[in-house]
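Every heavy atom of this structure was used, including side-chain atoms; hydrogens, water molecules and symmetry mates were not.
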Amino acid sequence: MSLANALTTFYDQSGSVDLLDEAIVHYHECVDLHPPGDSNRPRTLYNLSNALQMRYEHMGSKEDLEESIACTRESLILCPPGHPRRSAHLDNFANGHIMRYQSSGLAEDLDLAISSHREALGLRPPGNPDRDLSLNNLAYSLQTRYDQVGRMEDLNEAVSYYHELLELLSSDHPTYRDCINNFANALHCRYVSSGGPQDLADSITYYEKVLSITPPENPRRYSALNNLCDSLKTRYDQMGDINDIEKAISYGREALSITLPSNPHRANFLSTLSDALQALYNHTGRVEEVEDAISYRREVLSLRPVGHPNHPSSLTDFAAALQSRYNHLENLSDIEEAIICLQESLSFCPTGNPHRFYSLENLANALMVRYERLGREDDIDNSVAYHREAIELCPSGNPIHPISLTNLACALHTRYDNRRRLEDLSEAIQLHRKSLSILPPAHPNRALMLTNFADALFSYYKEIGESKDIEESISTHRSVVDDLRPPGHPDRSRSLRSLANALLSRFEKNQKSKDFQEAFQLYEDATSDGTSIPSHRLTAAIFWMNEARTREHKSLLTACKACLQLVHRCLISHGNVESQQRFLATANVPRSLASDAASAAISAGDLELAVELLEQGRAILWSKVDAYKYPLEQLRQVEQGGELADRLEILGSQLEHLVLLSRKWTNDGAGSTTEWFLDNQARSHRILSEEWEEVITAIRKIDGFENFLQAAPFRTLQLAAENGPAILINVSKYRCDAIIIVRNGPPVLVPLAHIQTKDLLAHIVDVLASEMGAKQAKCSGRAYNTPNARLTVKWRVSFTRTSNHKAVKCSRILRNEMVEDESENIQRYAKHANVLMGPKATRRAVLSGLKQHPWVHLACHGRLGDKGQPFRASFELYDKPLTLLDVIRARLPNAEFAFLSACHSASGDANTRDENIHLSAAMQFCGFRSVVGTLWEMNDEDGPTISQEFYRYMFRSSERSPSFTDSAEALNHAVRAMRKAKVPIEHWVMFVHIGA
């Protein structure tokens, strides 16, 4: 027994679990030596249970905990009321149940522990040498029940017991450290509940003392570090001292670094550190902090599954981290996942549960954000209702009360923007004023709350027109810009933009040019502020562009170019092409941005810039993936270029792999595993993209490579007209024009405002005739592509942008109803066609064939992707679909021509029309120079008809080999034959040609 006790003491000093293991072995031997009936058995059981509890705290083995509880239960039976050692056994019995409660969440364990500690305290009246132990244990148990149930009397009782306890202990008492730590915990909890500033100050003082007397080798040092992290973060929330939050994170990271994965307290430490990281993110705007927080929160959820008492609060905390990242990246999946988590959390928090307030508040905020993005009416009504309920649970005096008031005000303001109910806006302003009046001056959220208040005043001015409102709005925005969001603050762009909006509104009334000039300077500053959140900068640029157009400001073209650049910048934070497409489809970016920007350049008389802007603003996703495969041979020939080329090639390969991953095929799991994968994917994409930009910046410093991977200038794009004029038709709400690009000479403008569609082609030919002569104007009506540009001649049958890629090989695959007739028609002209029919037309066989043959004809079912998921479009083959992403990922070095006799093969997503995300575009992206596709469903009978006429024309001459460059004319010939045969218009008009 003495040896085991000594080993336990050494463990307590050194933290070496090997010592504890040896002690437990000896304790077991002692128990065996004292069978039931032996007077020493209770004491040996007591010592064994203590050691098992220690090992459980260190290693997290539930077997140790259950054995410990069994030992204490037996020892308590052996020490009935009146036994001199009953109080000690009661404490040990209660401690085991407290530990099990913390693991399983069974309320009976907690209640049993409290009743046992009360009985023990009653057996230790004032003057008893062990009264301090019972005071500490009972106070801790009461505090634990407060954390779960929220009964304030439990917490106040715990604080009173701790007060008495500290009066009994000297600084050299062996439990002095633990008692101070527990007292600090209770004070911190009471501050969070009631807001007493002295409680917070005292808790930090006590936590610092605990850490100072806990040496690095002490196994409980992690607890001291974690508690100090939590309290400093809380003080930062109230006082805004950046030193507090930086020290908190340092303590939190140290605590986590010395905590084993199996430690039962690991979830607490992860959660505390995540809180601090999110607070620092809110100050700095560095996305790394919130990414770390989300990663830690996911781990917390895995450690606190359904049934754990802290599962609801962990869901709420995780959702809050997702909302923070959404505010930075505007990835819709973050807010959707946050809402799911919060709804689940709320379902676990009925009326009376202390965590219900946080679930309500966060869910209300998330619903408002989704409403602003998607416009679902029930979202904003539910948001207001949840906020009102939350305020009832957060009375005046609570430090969170002003935040809750502001959140309701923002929801009411958002609802006003949609429904124009003045009572919503009036109440919002009243709530803002009340909130700001009780908010501590140094509160870290003060800038945001002042901004929201100023925005509400601005809206009220626009509605009522009283000068005092716009004046107060402007002065409030100025105070935020000047005092609270200086240069370098991540939210400065938003404040600059809001101030610009207010100044322009005042200009409308007083016509002072100073306001007008300052407003546009502020828009430019907000757009170019490199330390601000990119999505905020994009919003500022869009406001700038719209206001410059409306007010005919000279900065319009600069604003247009900035918008397009920032759209590209925002995509860095979205980990794959599907996420990027969703951002373009749902973000508040004008769907006609490229066309509108080009129209501004046309109005300014700069046709070359108009062509460049159209090139930059369309098919952005295709262009980004294309850049990852840029040829680097020329770069490798110059000094220092070889190393940079190697780095860029590796990064390009990694980025291409990442962006073409899809949730559907990379991970068959569900829940947090899939989301964890997507988080890591997004983070990897951001990090690699930033390194990609750094390498490109270095390359552009080399002589001759200043424009490396820059947007193609007009002189490069002009090469698309090398074999004939290229015609761009730009349709914008501001104007409609055709731009004719010729190989030598400036572009020619053809305004289309008063031209009927049926006369469009004839009018363009007339202009060509007058500009270049009638002979050259009678061109063949095909689309051209060159090695140096992604422009398409959009004339006669081809009205879709192409991509610039080398030719790629592929095979002919036929599979569909009436496919035999279609196959026979092709083989009648193409004598050596390789046909894959029925069971032979598998996904693997098709992909293999695509690598061997330059032409392909697919006759099969074509499927659109689910709504909003155009990258999920596919060809239906015998065994499994061939998806659009499969096609993009294919390496096909010699492809030439593809005929996609399948439904919807050239039909893209309506929300991202400029991206042309469809099967035909994918075929062209992977190398096919010419593609024929369909805009909607085709009739089975039309396949054999059009294929016969098409291939008759393609193989019309026995003296020359068929060329893919004849495909546009061949489609025109086939369509004319169908029209001549009186085929209904809807059967032939849906065939389109893309490419050369």
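- Of the inter-residue distances, the one linking K468 atom NZ with E471 atom CD reads 11.5 Å to the nearest 0.5 angstrom.
- Using a 30° and 60° split on the angle between ring planes, F543 and Y523 fall in the parallel class, below 30°.
- Side-chain atoms of S599 come within 3.5 Å of backbone atoms of D596 as a donor-acceptor pair (strictly under, hydrogens ignored).
- The closest donor-acceptor contact from the side chain of S498 to the backbone of S495 lies at 3.5 Å or more, if one exists at all.
- A donor-acceptor pair is defined here as one N or O able to donate and one able to accept, closer than 3.5 Å; such a pair exists between the side chain of R492 and the backbone of V481.
- Under a 4.0 Å N-O distance rule, the pair R304/E299 does not qualify as a salt bridge.
- A donor and an acceptor atom, one from each side chain of D292 and Y281, are nowhere located under 3.5 Å apart.
- Shown here is E552, whose CD atom has no more than 12 heavy atoms of other residues, nucleotides or ligands within 6.0 Å.
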Query raised in the report: Can R551 and E508 be said to form a salt bridge (Lys or Arg N to Asp or Glu O under 4.0 Å), step by step?
Result: CA-CA 11 Å; R551 302 174 193 278; E508 291 174 353; 2.7 Å; yes
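- A salt bridge links R419 with D381: at least one charged nitrogen is closer than 4.0 Å to a carboxylate oxygen.
- With hydrogens and angles disregarded, no donor-acceptor distance shorter than 3.5 Å links the side chain of S435 to the backbone of L431.
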Quick one, K233 with D275, criterion salt bridge (Lys or Arg N to Asp or Glu O under 4.0 Å). Give me CA distance, side-chain angles, the key distance, then yes/no.
CA-CA 8 Å; K233 186 266 176 185; D275 287 341; 5.3 Å; no
Derivation of the salt bridge (Lys or Arg N to Asp or Glu O under 4.0 Å) call for E427 and R388: CA-CA 12 Å; E427 185 182 359; R388 291 196 189 281; 2.9 Å; yes
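- Checked for salt-bridge contact, E330 and R370 miss the test: no charged N lies under 4.0 Å from a carboxylate O.
- Judged purely by atom type and a 3.5 angstrom limit, R297 has no side-chain atom pairing as donor or acceptor with the backbone of A320.
- There is no side-chain donor-acceptor pair under 3.5 Å between H477 and N501.
- Annotation for A248 and L232: closest pair CB-CB, 3.9 Å, computed over non-hydrogen atoms.
- Proximity of a side-chain donor or acceptor of S314 to a complementary backbone N or O of N310 within less than 3.5 Å is detected.
- The backbone N or O of R420 lies less than 3.5 Å from no partner atom in the side chain of D424, so there is not a single donor-acceptor pair.
- Using modelled atom types, no side-chain atom of R485 and backbone atom of V480 make a donor-acceptor pair closer than 3.5 Å.
- When atom types are taken as modelled, the side chain of S473 and the backbone of D469 share no donor-acceptor pair closer than 3.5 angstrom.
- Ring geometry, F520 versus H553: the interplanar angle falls under 30°, so the pair is classed parallel (tilted spans 30 to 60°).
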